[in-house]
Amino acid sequence: MDDHHHKHHHNPISRKDFLNKATLGLGAISLASLINPLSAFGASIGSTIGPHFAPKAKRVIFLNMIGAPSQLDLFDYKPILTKMHGVELPDSVLGGRVTASVAAQASKPIVRPLYNFSQRGESGMWMSDLMPHMGQITDELCMINSMYTESVQHEPAQMFTHTGSEIPGRPTMGSWISYGLGSENENLPSYIALMTKGNEGGSSRLLSSGFLPAEYQGVQFRSGKSPVLFLNNPPGVTGEIRREQLDHLQKLQDQNFNTWGDPSIKAKMSQYEMAFRMQTSVPEVMNTEGEPDHIYELYGEDSKKPGTFASNCLLARRLADRGVRFIQLYHGGWDHHSNLPKQIPKRCKEVDQASAALIMDLKQRGMLEDTLVIWGGEFGRTSFSQGQLTKDDFGRDHHPDAYTMLMAGAGVKKGLTYGATDDFGYHITENKVHVHDLNATILHLLGMDHEKLNYKYQGRRFRLTDVHGNVVKDILS
Amino acid sequence: MDWELFIGRFHPLMVHLPIGIFILGYFFEILLQLGFRNLISRKIIIVTYSFGLIAGLFAAVTGWLLSFSDDYGIEPLNDHKQLGIATLVVMLFVIIYQIKASADKGKFKLVISTVAIILTGLTGHFGGNLTHGSTYLLEYGPELLNSKKNAQLDNIREINPDSLQIYANIIQPLIQNKCIACHSTDNYKGGLILERYSDLFADADHDKPVLAGNPFSSELFKRVSLPVNHEKIMPPRGAGFGYTDIQILRYWIENGADSLALFNSDNMSKELIALVNRDYGMDFSPKPYYDKVKVDRLDEELITKLGSSGFRVNYLGETNFLLDVAFKGDSISKDQIQMLNQVSDRITYLKISDCYLSDDLITEIANIKHLTRIDLSKNNLNVKMVSFLMNHKHLESSNLNDTNIDNESLRRLLDKSSSLRIYIRNTKITSEQISNLAHTYPNAEIISEFKFEKVVEAKSVFAQEVAQ
């Protein structure tokens, strides 16, 4: 799977490449066209790989809760926390791995979830009263209560969820997926991110295509007049002038490419062309005025205010409808080290209805047949209070050893609660799912073998799942 | 009233008396032998053993009466009976010897008593096996003592689902684990033996264990599926049949209870497929249609032509050349449909949405042999569309949102393909009609406009405490 960007390299050519070509000779060229069945398709834009096998999902919407929502207050119901509220968490529960901030804490009083839980839907899935709308759609959800990750700090853990590595520099999941599958819409980027205005949470680092060509990088769409920065023509420049300008630039860049053979020249040109097409496609997709009232009602009052999570959910549906491959929504403010009782209801109010509405809107349109929705943060939170536990205030610390992610849609079992943690929600007792496993499963649902989707960089083939990851077959429908 | 059995049933109660008394006498004898002459005399020992013997005689009589019930296997019963009689005879000899033999024969007396005690213990053990089953004693002991337990069921995950025999691999091991202790040739409570396959259809005190084709008349099924607290539930002790096991048993009996029967996903309920998958790791979910058929790679020229006719075309996978086709234009023409017809035998997913596809035009589309998923939303379609859909027997999902389909047409379609997943948002079908349809076609999944129920704002525990 030698990437096509290297095909036209004249110079420089590595010793290894030279030997390869010399031995295989012309045979290699015809072989390349044989093993790449989709190369004949002009339709799969921007990718030469295509699905390895029949996919269940064609696109992904990742509702990324930045800061790590407390699984113990929302999803993973542990009645013993209520019974033992205020009691010191036994050392026997803690086990071997204790973070510095936990070790520094002299007292670790257990904290109960502040809101009642109930079993919802035919599946009997447990859900907190804080999520009354998600509670109504539990029969569409797959709840994984046995997620675990590596890092205990936000940035590395977010990076890990996105790229399979704690250290920045690798391509993010959305980039891998657009690299693997290309776009279904030549007028929009295949990987788009939306962040809640004033509560962004995510950062542009998380959208990086790393060593993959820049065209696979995530493009952030903003609310307001100019959704994509610097996309509009400056005053006085018409679309025709812009077109003419680009045509001339294309000629110059072609010469440039013939001299230098630098693939980034091609990437840059295709980005310019994409930007040109986006000048008309973006305003169209971002203008939700045509949406009927009952749709606004479905997504909630917030959906009329641009930049809110609810409004972004509505946009996510519109982007998915237009064939965007990977849509990532960021919503921050979940890092409740203290003041959790006051903060978590606010966050839930912001996301509960809109998240559920997005899933059901996709469903009623028939789009959940081939769209995968993922909901969750970078890790979980502790079952004991961080800082003092007072009558109406407490917090929970970071906890990477057990947390919850939700999935819904194409190829995922409905109404399934998967995996289990101990009575204190502290350690996983059943069906552990590592971030690498989740990422492998997402790629699998998109028809890609996570071991085959790789890219050679600095002499090594890299994957989203590094050298790990097992597809979680139990959750596949 | 059955006097014999009424008195006989006191046997398990009575037997503890002679056993206890014999052991007590034996302890006295040991003490005497150790030199506690000021505490124990030979006479006390003789009296104790004699009481034991009398109690033993009562136990023997009740035991003899109990042996007339049909609940026990002949051989183990005979072993127990003969050993019991032998114990009493030896004990009688012990008593006589204690009286007659001279005082200096103390050691020899103890040896003979030891033999009697061992016999007592053995008799008791065999008796216990009759009542509780031979696996009772060690059931919860170390695995070393107890290697047979669950062995076969644990290995089930290694068996290829296609060759999993329901009886040999699941039912038989279940019976072995849960029933055989009391229902074997050694011990046939209720006149029931469940050792061999043929035993399942043999007469017993109650109805025959299995009546092929009719689980609810099969005694075995009835008894294991009773409520947990019911006095007649089987097994009476220990973990009973799990829900999955009961459903497997039901499925097996319903489908003829054949000794070589295999699971067949065509007649398994969705629930059973899910249960077997969850508890035994067997995936019987039907293979996706696209994995069942094989088509050849398309002529590249044709692909290019399709592309320029306004279709987006994709293979499903690297080696799966079924096509996923979507029309990209605003308005579809006859010529474009002709173009589409050239590849109709390869298509499995088709989207012709929002492009003025009319009832007249849809008749132009050729039969699409492998069609499983179609999206015809936002087109002015009704009767002819339904006729078109009815011709496609592999169809799984139809998106008919924003079409003109009405209740009558949809019923016509669902009569033909009753397990369709169908989207009918913004059509002429009212919500009342939808709930009727859902009732008439329970296997169909009818998806329409979604609305949330009204929610009340959740109250935190603190708020609730304050309110109280």
Side-chain angles (χ1 to χ4, degrees), chain A residues 35-38 40-44 49-56 58 82 85 112-116 128-133 135-137 184-185 294 297-298 300 323 341 344-345 348-349 352-353 356-357 359-361 363-370 391-392 413 416 447 452 473-474 477, chain B residues 274 277-278 281 283 285 288 290-291 297-298 300-301 303-304 306-308 311-322 324 326 328 348-349 353 373 375 377 396-402 421-423 425-426 447-465:
Chain A
I35 52 179
N36 203 338
L38 283 155
F41 288 75
S44 258
I49 300 161
H52 299 123
F53 44 84
K56 298 276 188 193
K58 285 186 187 165
T82 302
H85 182 72
R112 59 161 300 168
L114 274 190
Y115 289 78
N116 288 331
S128 164
D129 287 357
L130 280 168
M131 293 278 189
H133 294 90
Q136 291 179 42
I137 65 155
E184 287 193 313
N185 185 336
H294 69 267
E297 212 173 287
L298 184 70
I344 205 166
C348 288
K349 232 176 159 192
D352 164 55
Q353 182 173 357
I359 292 169
M360 293 321 283
D361 195 16
K363 180 170 167 133
Q364 69 187 2
R365 285 164 203 270
M367 290 169 68
L368 213 52
E369 298 249 342
D370 51 14
K391 204 181 155 297
D392 51 6
K413 275 185 191 154
L416 174 76
K452 280 202 216 159
K473 294 222 170 92
D474 293 350
S477 65
Chain B
N277 192 359
R278 184 189 70 184
D283 193 0
S285 44
Y290 56 67
D291 278 347
R297 185 194 294 269
L298 211 56
E300 291 200 3
E301 210 176 306
I303 295 172
T304 324
L306 270 168
S308 47
F311 292 97
R312 186 177 48 71
V313 187
N314 278 310
Y315 289 133
L316 285 200
E318 254 174 14
T319 54
N320 189 330
F321 302 119
L322 281 167
D324 174 1
K328 291 193 294 179
T348 186
Y349 299 159
S353 169
R373 198 185 282 180
D375 183 347
S377 60
E396 292 164 10
S397 162
S398 307
N399 190 336
L400 312 182
N401 284 341
D402 302 276
R421 196 161 59 244
I422 197 151
Y423 298 85
R425 178 176 172 258
N426 285 342
I447 298 137
S448 143
E449 193 78 44
F450 175 81
K451 268 203 177 88
F452 285 118
E453 288 163 28
K454 267 231 146 58
V455 302
V456 277
E457 196 163 327
K459 276 192 181 145
S460 81
V461 179
F462 297 143
Q464 284 170 9
E465 276 169 5

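A, B, ... follow the sequence lines: proteins, then strands. Residue 1 opens every chain.
For B/F450, the parts lying near chain A are the backbone and the side chain together; criterion is any non-hydrogen pair under 4.5 Å. Looking at A/K413, only its side chain comes within 4.5 Å of chain B, counting heavy atoms on both sides. For chain A, the nearby parts of B/F452 are the backbone and the side chain; heavy atoms of each come within less than 4.5 Å. Only the side chain of A/R112 comes within less than 4.5 Å of a heavy atom of chain B; its backbone N, CA, C and O stay farther away. Proximity to chain A (any heavy atom under 4.5 Å) is shown, for B/S377, by neither the backbone nor the side chain.
Taking B/D291 as the reference, nothing meets the side-chain hydrogen bond (donor to acceptor under 3.5 Å, both in side chains) condition, with sequence neighbours excluded. Legend: residues meeting side-chain hydrogen bond (donor to acceptor under 3.5 Å, both in side chains) with B/N320, ordered by chain and number and at least two apart, are absent.
At least one side-chain heavy atom of B/I422 sits less than 4.5 Å from a side-chain heavy atom of B/L400. A 4.5 Å side-chain heavy-atom check between A/E369 and B/R421 finds at least one atom pair inside the cut-off.
Side chain of A/D361 to main chain of A/L298: no donor-acceptor pair is present (N/O by atom type, distance under 3.5 Å, no hydrogens or angles).
For the set B/D324, B/N426, B/D375, B/L306, the count of heavy-atom pairs under 4.5 angstrom toward chain A peaks at B/D324. In terms of non-hydrogen atom pairs under 4.5 Å with chain B, the most contact-rich of A/A357, A/P341, A/P345 is A/A357.
Between B/E457 and A/K349, at least one side-chain N (NZ, or NE/NH1/NH2) sits under 4.0 Å from a carboxylate O, which counts as a salt bridge.
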